[in-house]
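This report refers to the structure that appears directly beneath it.
Keep in mind that the numbers below use all heavy atoms, side chains included, and drop hydrogens, waters and symmetry copies.
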Number of protein chains: 2
Amino acid sequence: MMDEKKRMDEFMTQCRERHVRVTPQRVEIFRQLSRCAEHPAAETLYERVRETMPAISLDTVYRTLSLLEAKHLVCTVGTVDGRTRYDATTALHYHFICDRCRSVSDIFRGEDDTFDPSIVAAGMGDVDAVNIQLRGTCRNCLDRASA
Amino acid sequence: MMDEKKRMDEFMTQCRERHVRVTPQRVEIFRQLSRCAEHPAAETLYERVRETMPAISLDTVYRTLSLLEAKHLVCTVGTVDGRTRYDATTALHYHFICDRCRSVSDIFRGEDDTFDPSIVAAGMGDVDAVNIQLRGTCRNCLDRASA
DNA sequence: TTCTTTGCAAAAACTTTGCAGCCGA
DNA sequence: TCGGCTGCAAAGTTTTTGCAAAGAA
């Protein structure tokens, strides 16, 4: 795992490359999103960011996520209970979404994984982002149900 | 492609198996959704269904889609512009979503496609549904831009 | 300096829900 | 018959937008 300082420097560099102004709010939103393993919705992330930046407003979180997603600095994981969930990792990977507890977990690709979006979409157009959701019941919920 | 009568019979059989009551509204909603290649949102489908069933209400369309999705008789394709889009085909396939024109197209699997959700999610839990979105710019929009 | 961004508040958009009468099984 | 379904209307949630002040390049 990349250390945080390096990750934040990279974020700021990419912002400048894409003409996205670097503001304290954007930096903090990205930092907290990177730290969250839970793939939070806007409001959840807002609560998190408020701990270190109490004056921030919810609409700034919405606007920032929406901007960063458009610039592919962040990606959406899908919608759970009507709320859009986000991920700071844009590298190709999958998500397991539990329909029972609403948790979202990363699934990183195995060595033998040959799934290739640009081959799959050959002829359809240019692919900028990929979102792969596997929905079902997670191990925790299965264990709890059988206990 | 399966003919419509056969598809509708299958739908009604599956409804009964899953204890979902067969009503004219549900049948018509499913029929129109099956006919739509565009993967419509609830409101778009509502307009479509109203052509043959003028008295239906929008909330019935919402309730029906939500029920059918829970029963895996229909699946969601993801959210485009804040609206959930649906698909009557539940067999594993992919979707190409154009961020420019908001169109959603099916991508059926190639012969050599070895992507297997239950292997990918091995150990994470039980997978009930899969949703794979490739987002980008479609051929049409690319051609229009370069013209 | 200039154009963008933020916070506040209000609004918009989509979706859900309560209720009474109706209908499928 | 009985429990679930529908239409109507109203509410609920999430997300977006207008505006003036503050801030990044």
At 4.0 Å (heavy atoms only), tell me whether B:A55 reaches a base, stays on the sugar-phosphate, or touches nothing. sugar-phosphate

Do the rings of A:H95 and A:H39 sit parallel, tilted or perpendicular, given the 30° and 60° boundaries? perpendicular

According to the interplanar angle, ranging from 0 to 90°, do the rings of A:F115 and B:Y94 count as parallel (below 30°), tilted (30 to 60°) or perpendicular (above 60°)? perpendicular

Taking [atom1] from [X] and [atom2] from [N], how many angstroms apart are they, rounded to a whole number?
{"X": "A:L58", "N": "C:dA11", "atom1": "CG", "atom2": "P", "result": "18 Å"}
{"X": "B:E69", "N": "C:dT15", "atom1": "CD", "atom2": "P", "result": "12 Å"}
{"X": "B:R18", "N": "C:dG24", "atom1": "CZ", "atom2": "P", "result": "22 Å"}

Options C:dT16, C:dA9, D:dT15, nucleotide nearest the side-chain atoms of A:D59: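 Side chain of A:D59 sits closest to C:dA9.
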
Please determine, for the side chain of B:R21, which listed nucleotide (C:dG7, D:dT15, C:dA25) has the closest atom? C:dA25

[X] side-chain N/O to [N] phosphate OP1/OP2 under 4.0 Å:
{"X": "A:Q25", "N": "C:dG7", "value": "yes"}
{"X": "A:T23", "N": "C:dT6", "value": "yes"}
{"X": "A:T84", "N": "D:dT15", "value": "yes"}
{"X": "B:R83", "N": "C:dC14", "value": "yes"}
{"X": "A:T60", "N": "C:dG7", "value": "yes"}
{"X": "A:R26", "N": "D:dA24", "value": "no"}
{"X": "A:Y62", "N": "D:dT16", "value": "no"}

With DNA chain C as reference, determine whether B:D81 or B:R16 sits nearer its 5' end, using the nearest nucleotide of each.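 Here B:D81 is the residue nearer the 5' end.
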
Return whichever of A:V20 or B:G82 has its heavy-atom-nearest nucleotide of DNA chain C closer to the 5' end. A:V20

Start at the 5' end of DNA chain D and walk down; is the nucleotide closest to A:P24 or to B:R63 reached first?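 Final value for this comparison: B:R63.
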
May I ask you to say whether B:E4 pairs ionically with B:R7, meaning some side-chain N is under 4.0 Å from a carboxylate O? no

Quick one: pull up SG in A:C75 and CG in A:D128 and give me the separation to the nearest 0.5 Å.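 Answer rounded to 0.5 Å: 12.5 Å.
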
